[in-house]
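Here's the structure, in structure tokens; my notes come after.
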Amino acid sequence: MVGNWHDRRAALTLAAALALGTAAHAATITVAVVDREGKPVPEAVVVLSPSAGGQPRTPLPGHALVVQQKMQFLPAVTLLPAGGRVMFVNEDSWEHHVRGTAAGIAELNAAPAHKGFELRLDGKSAGKEAKTAEVTLDRAGAMLLGCHLHGSMRGHIYVADSPWAAKTSPDGQAVFDDVPAGAVRVRVWHAEQLIDLPVQTASPAEAAPARLNFQLQVVPRRRRT
């Protein structure tokens with residue numbers, strides 16, 4: 001028993017030391033995205049691919065909620081890891097036929113073609129729970145959300161192929177605080193930027209955080225609130 005206790009204590013000590021070593025070599029990368037006019041762009045997706053691999057301390061949630069309300073998909077952009085699940089909830093009093101299809105030129109030309117999905121949600125009745133449906137998305141890439149019955153409804157889901165992914169905030173920035181030091185490839189995706197922006201590379205260090213700037217070739221349309 002004593003030997004087992006010492007073995008467990010040694011294992012815990014080693015794990016703590018490894019964790020501290022990883023944290024000590026973690027770096028910060030800030031990515032700023034602006035539109036063609038130089039204004040901050042919210043809800044752009046930033047994906048990092050560190051050469052050192054690893055996992056962030058706070059991984060992407062594997063489950064997301066997309067609400068249909070007042071003829072809109074909320075949020076406008078949903079970010080998930082591959083294999084993530086999306087729950088759709090219809091808060092409107094009328095029916096919606098949701099479809100998910102490949103988005104962007106790169107996705108449309110990819111092989112194999114994205115199968116997408118379709119689902120139907122009845123409208124919410126007064127005093128009753130809203131109707132729901134769930135899908136699992138295994139293939140990385142962007143998807144366009146629409147409704148067969150209401151052509152004005154648009155939204156997007158981005159399935160990231162890296163655990164290092166985030167959406168830009170209202171000030172157009174995404175900050176990653178625990179990136180392994182070393183070379184990192186950085187990509188940016190936006191729903192209205194049909195041609196992929198060039199990939200950038202950073203080599204952040206603990207004492208020298210990196211900042212990258214991306215500029216879209218378009219001015220995204222404002223979404224009604």
Side-chain angles (χ1 to χ4, degrees), residues 18-19 21-36 38-62 64 75-84 86 102-114 137-144 156-218 220:
L18 290 173
T22 301
H25 290 87
T28 299
I29 293 181
T30 300
V31 179
V33 183
V34 298
D35 64 19
R36 187 179 61 194
K39 296 178 181 178
V41 175
E43 295 203 303
V45 174
V46 181
V47 181
L48 273 55
S49 299
S51 59
Q55 294 286 328
R57 283 193 291 264
T58 305
L60 281 176
V77 177
T78 298
L79 179 60
L80 282 172
V86 184
I105 297 174
E107 289 298 310
L108 290 173
N109 292 335
H114 206 303
L137 301 174
D138 295 319
R139 183 180 181 276
M143 297 196 73
L144 170 65
H156 286 83
I157 297 174
Y158 192 93
V159 182
D161 59 1
S162 167
W164 308 86
K167 293 194 299 183
T168 53
S169 59
D171 65 357
Q173 297 191 52
V175 181
F176 301 85
D177 289 322
D178 54 348
V179 183
V184 181
R185 296 175 71 252
V186 182
R187 291 169 285 150
V188 167
W189 173 89
H190 188 273
E192 296 189 33
Q193 177 66 44
L194 298 182
I195 300 176
D196 290 344
L197 295 174
V199 175
Q200 295 190 35
T201 303
S203 297
E206 184 182 7
R211 179 181 178 88
L212 299 177
N213 299 303
F214 287 79
Q215 185 167 24
L216 304 185
Q217 299 166 351
V218 297

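Atom set for the values below is all heavy atoms of this structure, side chains included, hydrogens, waters and symmetry mates excluded. We're numbering straight along the sequence, starting at 1.
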| Which atoms form the tightest heavy-atom contact between Pro163 and Gln55, and what is the distance? |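 So the two residues come closest at CB-OE1, 3.4 Å.
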| Gly83 to Asp138 - nearest heavy-atom pair and separation |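 Answer, listing the atom of Gly83 first, then Asp138: CA-OD1, 3.5 Å.
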| Short question: side chain of Thr168, backbone of Ala44 - any donor-acceptor pair under 3.5 Å? |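 Yes, the answer is positive, given that a donor and an acceptor are paired below the 3.5 Å cut-off.
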Is any side-chain heavy atom of [Y] closer than 4.5 Å to one of [X]?
X      : Y      : value
Ile29  : Trp164 : no
Val86  : Leu137 : yes
Phe176 : Leu48  : yes
Val186 : Val184 : yes

Under 3.5 Å, sequence neighbours excluded: what are the donor-acceptor pairs made by side chains of residues 207-218?
| residue | atom | partner | partner atom | Å |
| --- | --- | --- | --- | --- |
| Arg211 | NH1 | Gln173 | OE1 | 3.2 |
| Gln215 | NE2 | Asp35 | O | 3.0 |
| Gln215 | NE2 | Arg36 | O | 3.1 |
| Gln217 | OE1 | Gln193 | NE2 | 3.1 |

| message | Once rounded to the nearest 0.5 Å, what's the spacing between atom CG of Leu79 and atom CD1 of Ile157? | response | 10.5 Å
Listed partners of [X] passing side-chain contact (heavy atoms from CB on, under 4.5 Å), at least two apart:
X     : value
Pro42 : none
Ala64 : Thr78, Leu80
Ala52 : Pro180
Pro81 : Leu60

| query | His190: what forms a ring pair (Phe, Tyr, Trp, His ring centres under 6.0 Å) with it, not counting sequence neighbours? | reply |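 Expected list: none.
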| Pairing residues for Tyr158 by the ring pair (Phe, Tyr, Trp, His ring centres under 6.0 Å) criterion, not counting sequence neighbours | Trp189
| Considering residues at least two apart in sequence or located in another chain, which fulfil the side-chain hydrogen bond (donor to acceptor under 3.5 Å, both in side chains) criterion with Asp171? |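 Testing Asp171 for side-chain hydrogen bond (donor to acceptor under 3.5 Å, both in side chains), a comparison that skips the adjacent residues, returns Ser169.
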| task | Kindly state each residue pair satisfying salt bridge (Lys or Arg N to Asp or Glu O under 4.0 Å) with at least one member in residues 158-169, sequence neighbours excluded. | result |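 Residue pairs with at least one partner in residues 158-169: Glu43-Lys167, Asp161-Arg187.
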